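Okay, structure first, notes after.
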Amino acid sequence: MRLVDSLYPYPVLSIDDDDYLPERAYFDVKYKLGQATSTHNAVLRMKFDLKNDSFEELLKEGRAAFYVQVECRQTMYRKMTKLALERSEFLLEINPDDMRKRVDITPLFLVTEDLIGYKNPAVNPDLYGADYVFPDLSVGDPLAIAFTKSLDIEDTNNFTKLSSIIKVTENSQADVTSVDLDQDIILIKMPSKQYKFYVESQCYGFGETMLNGVILPALIYVLDTIVNGDTVDDTLQWYQVIESKCEKSGHNLDSVADNKDISTIELAQLILNDPMDKMMNELKGVLANND
């Protein structure tokens with residue numbers, strides 16, 4: 001018989017109540033935010049920390065899984081994402097097209113198969129009695145819930161940013177990186193292993209380093225394509241943004257094509273606001289922290 005008031009008719013693991021014995025059950029999530037730059041959106045890294053023998057067994061058997069619920073009231077955006085089997089980390093890209101002003105993120109551990117007669121020895125016997133048996137649980141019922149994380153999102157006009165026209169994506173079929181110029185957004189398509197490292201690196205303070213390794217050579221390729229007279233659609237959004245940025249830097253694509261005053265590699269660095277200097281400062285900071 002249940003002896004305490006609760007939001008649920010059975011014990012749910014959370015760090016804000018006593019439904020479970022703390023020495024035998026624990027669920028929390030650690031967050032690390034990689035800030036947005038002129039070329040990529042902010043990325044939130046979440047690491048799930050679950051400690052309970054019974055729950056861990058359910059996870060291995062595929063009978064329960066980690067989920068992340070993302071909500072934004074301003075845009076009416078709401079999405080529930082299931083993590084891959086036994087995966088304990090989740091990367092969320094804060095896309096300002098979907099999320100503005102404030103985003104609420106709730107990590108959960110949910111049932112993925114109906115559970116009948118389930119028992120968990122870590123349930124607090126002082127609150128639920130000895131040898132407690134859960135009521136029948138259905139797919140989607142929560143077993144554990146972490147605190148909701150709220151993020152304040154800067155409300156900016158992305159059209160003026162390179163992040164609005166350059167997107168790094170995953171191409172699981174590719175062995176090398178390629179650049180697609182046929183859409184409004186320039187797509188940099190990376191092999192799966194490289195893409196995963198690219199995204200994770202932004203959460204560890206290597207955003208500017210990745211910018212130089214991925215975005216800078218791609219932008220040079222784009223500028224070379226334009227000035228070499230290859231066929232590109234100048235009505236596409238990416239072309240108009242790059243053209244505008246060139247003009248703001250005191251140059252134009254025609255003068256680059258004529259090799260009059262600046263090379264494509266120099267122009268790319270102007271557009272990215274001296275990325276080499278930013279990378280050097282970033283690496284200095286990382287090395288200083290490791291001393």
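Just so it is clear, the model here is predicted, and its values are computed rather than measured.
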Quiz item: Hey, mind stepping through Leu13 and Phe55 against side chain to side chain contact (heavy atoms under 4.5 Å, CB included) and telling me if it holds?
Solution: CA-CA 10 Å; Leu13 178 59; Phe55 285 166; 3.8 Å; yes

Exercise. State yes or no: do Met80 and Leu151 share one hydrophobic cluster built from I, L, V, M, F, W and Y residues joined by side-chain heavy-atom distances below 4.5 Å, directly or via other members?
Key: yes

Quiz item: Does one side chain, of Asp233 or Thr235, offer a donor that lies under 3.5 Å from an acceptor on the other?
Solution: yes

Quiz item: Is there side-chain contact between Ile166 and Val222, with at least one heavy-atom pair below 4.5 Å?
Solution: no

Self-check item: Partners meeting salt bridge (charged side-chain N to carboxylate O under 4.0 Å, His left out) with Asp234 (sequence neighbours left out)
Solution: none

Exercise. Run the ring-centre check on Phe90 versus Phe66 and record whether the distance is less than 6.0 Å.
Key: no

Quiz item: Which hydrophobic side chains are connected to Tyr26, either touching it within the sub-4.5 Å cutoff or through other members that do?
Solution: Ile15, Phe147

Quiz item: From Asp104 CG over to Tyr77 OH, what is the distance, rounded to the nearest 0.5 angstrom?
Solution: 13.5 Å

Practice problem: Please list, chain by chain and in numerical order, all residues satisfying side-chain contact (heavy atoms from CB on, under 4.5 Å) with Glu243, sequence neighbours excluded. | Solution: Tyr239, Glu247, Leu253

Practice problem: Report the distance from atom CZ of Phe134 to atom CG of Asp141, rounding to the nearest 0.5 Å. | Solution: 11.0 Å

Practice problem: Report yes or no: do Val214 and Phe197 belong to one cluster of Ile/Leu/Val/Met/Phe/Trp/Tyr joined by side chain heavy-atom distances under 4.5 Å? | Solution: yes

Quiz item: Which pairs count as salt bridge (charged side-chain N to carboxylate O under 4.0 Å, His left out) when at least one residue sits in residues 214-228, sequence neighbours excluded?
Solution: none

Practice problem: Determine whether Val139 and Tyr8 fall in the same hydrophobic cluster, where Ile, Leu, Val, Met, Phe, Trp and Tyr are linked whenever their side-chain heavy atoms lie under 4.5 Å apart. | Solution: no

Quiz prompt | Non-neighbouring partners of Ala268 that pass side-chain contact (heavy atoms from CB on, under 4.5 Å), sequence neighbours left out | solution = Leu216, Leu219, Ile220, Leu223

Practice problem: Quick one: list whatever passes side-chain contact (heavy atoms from CB on, under 4.5 Å) with Pro135, sequence neighbours left out. | Solution: Tyr10, Tyr132

Self-check item: Val111 with Val133, same ILVMFWY side-chain cluster at under 4.5 Å
Solution: no

Exercise. May I ask you to check whether Tyr128 and Asp19 show a side-chain donor-acceptor distance below 3.5 Å?
Key: yes

Exercise. Sequence neighbours left out, what pairs pass salt bridge (charged side-chain N to carboxylate O under 4.0 Å, His left out) with at least one residue falling in residues 64-81?
Key: Glu71-Arg78

Quiz item: Do any pairs count as a side chain to side chain donor-acceptor pair (under 3.5 Å) and have a residue in residues 105-117, sequence neighbours left out, and if so which ones?
Solution: Thr106-Thr148

Quiz item: So does Gln173 have more than 12 non-hydrogen atoms from other groups sitting under 6.0 Å from CD?
Solution: no

Quiz item: Partners of Asp136 by side-chain contact (heavy atoms from CB on, under 4.5 Å), sequence neighbours excluded?
Solution: Ile116

Self-check item: CG on Asn52 to CD on Glu57, rounded to 0.5 Å
Solution: 11.0 Å

Practice problem: Work out which heavy atom in Phe109 is nearest to a heavy atom in Ala64; give both atom names and the distance. | Solution: CZ-CB, 3.5 Å

Quiz prompt | salt bridge (charged side-chain N to carboxylate O under 4.0 Å, His left out) partners of Lys51, counting only residues at least two apart | solution = Asp49

Exercise. State the CG-CG distance between Asn124 and Asp18, to the nearest 0.5 angstrom.
Key: 6.5 Å

Quiz prompt | Shortest non-hydrogen contact between Ile215 and Ile188, atoms and distance | solution = CD1-CD1, 3.8 Å

Quiz item: How long is the gap from CD1 on Ile186 to CD1 on Ile165, to the nearest 0.5 Å?
Solution: 4.5 Å

Practice problem: Would you please name every residue forming a salt bridge (charged side-chain N to carboxylate O under 4.0 Å, His left out) with Asp180, sequence neighbours left out? | Solution: Lys189

Exercise. Could you pull out all residues at least two apart from Lys82 that satisfy salt bridge (charged side-chain N to carboxylate O under 4.0 Å, His left out)?
Key: none

Quiz item: Do Leu21 and Val123 sit in the same hydrophobic cluster, where Ile, Leu, Val, Met, Phe, Trp and Tyr count as joined when their side-chain heavy atoms come under 4.5 Å apart?
Solution: no

